[in-house]
Q: 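Take a look at this one; I'll ask things after.
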Amino acid sequence: MASGLTELQTLRVSKASQLLGVFGQDDHASLVNVDKEMVLPNLWELSLEQLSSIVCLSFGCCDFLFPRLEKLKVHQCPKLTTKFATTPDGSMSAQSKVLLI
């Protein structure tokens, strides 16, 4: 699904206490895209706030790349396992552990 969001510029998710992941299937992790990297080329703002159950950014895909990300906010997401880091070329990446539920 994320591959179809090439024009997405802002993504804000907040106060969704039952949400386990932003992208992917809600009931079971999909193994179809496990080794793929998803790129959101125009995303410049990502905000995840007050998501008490979220464990990963995406089920079924372990890596995301955000070449233009300027604003990242992660607040009150105690179970989140996704790790955000800057790549050598200055892009932001997100790496999630693959979860089998």
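For reference, positions follow the sequence shown, starting with 1. This one's a predicted model, so the numbers in the text were calculated from it and none came from an experiment.
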Q: I need the minimum non-hydrogen distance between Leu72 and Met92, along with the two atoms involved.
A: CD2-CE, 4.2 Å
Q: List in chain and number order the residues that pass salt bridge (charged side-chain N to carboxylate O under 4.0 Å, His left out) with Lys79, two or more places apart in sequence or in another chain; answer none if no residue qualifies.
A: none
Q: For Phe64 and Thr82, what are the C-alpha separation, side-chain angles and deciding distance, and is it a side-chain contact (heavy atoms from CB on, under 4.5 Å)?
A: CA-CA 10 Å; Phe64 272 80; Thr82 299; over 6 Å; no
Q: Taking Thr6's backbone N and O only, do any of them form a donor-acceptor pair with Asn42's side chain (distance below 3.5 Å, no angle check)?
A: yes
Q: Which residue pairs pass the salt bridge (Lys or Arg N to Asp or Glu O under 4.0 Å) test with at least one member in residues 12-23, sequence neighbours excluded?
A: Arg12-Glu45
Q: Which pairs of donor and acceptor atoms, one on a side chain in residues 47-56, lie under 3.5 Å apart (sequence neighbours left out)?
A:
residue : atom : partner : partner atom : Å
Ser47   : OG   : Glu49   : OE2          : 3.1
Glu49   : OE1  : Lys73   : NZ           : 3.3
Ser53   : OG   : Ser17   : O            : 2.6

Q: Looking at CD of Glu70 and CH2 of Trp44, how far apart are the two atoms once the value is rounded to the nearest 0.5 Å?
A: 7.0 Å
Q: Which distance, rounded to the nearest 0.5 Å, do you find between the CD of Gln76 and the OG of Ser14?
A: 11.0 Å
Q: State, to 0.1 Å, how close Leu11 and Leu43 come at their nearest heavy-atom pair, and which atoms those are.
A: N-CD1, 3.8 Å
Q: Consider only side-chain heavy atoms of I, L, V, M, F, W and Y, link residues closer than 4.5 Å, and tell whether Phe66 and Val74 are in one cluster.
A: yes
Q: Please report the shortest heavy-atom distance between Leu8 and Thr10, naming the atom on each side.
A: CD1-O, 3.4 Å
Q: Would you kindly confirm whether Val13 and Leu46 end up in one hydrophobic cluster when ILVMFWY residues are joined by side chain heavy atoms under 4.5 Å apart?
A: yes
Q: Just verifying a value: how many Å separate Met38 CE and Leu5 CG, rounded to the nearest 0.5 Å?
A: 8.0 Å
Q: Which value, rounded to the nearest 0.5 Å, describes the distance between Leu69 atom CG and Phe84 atom CZ?
A: 8.5 Å
Q: Using a 3.5 Å distance criterion without hydrogens, assess whether the side chain of Thr87 forms a donor-acceptor pair with backbone atoms of Ser91.
A: yes
Q: So do the side chains of Asp63 and Ser93 get within less than 4.5 Å of each other, counting heavy atoms only?
A: no
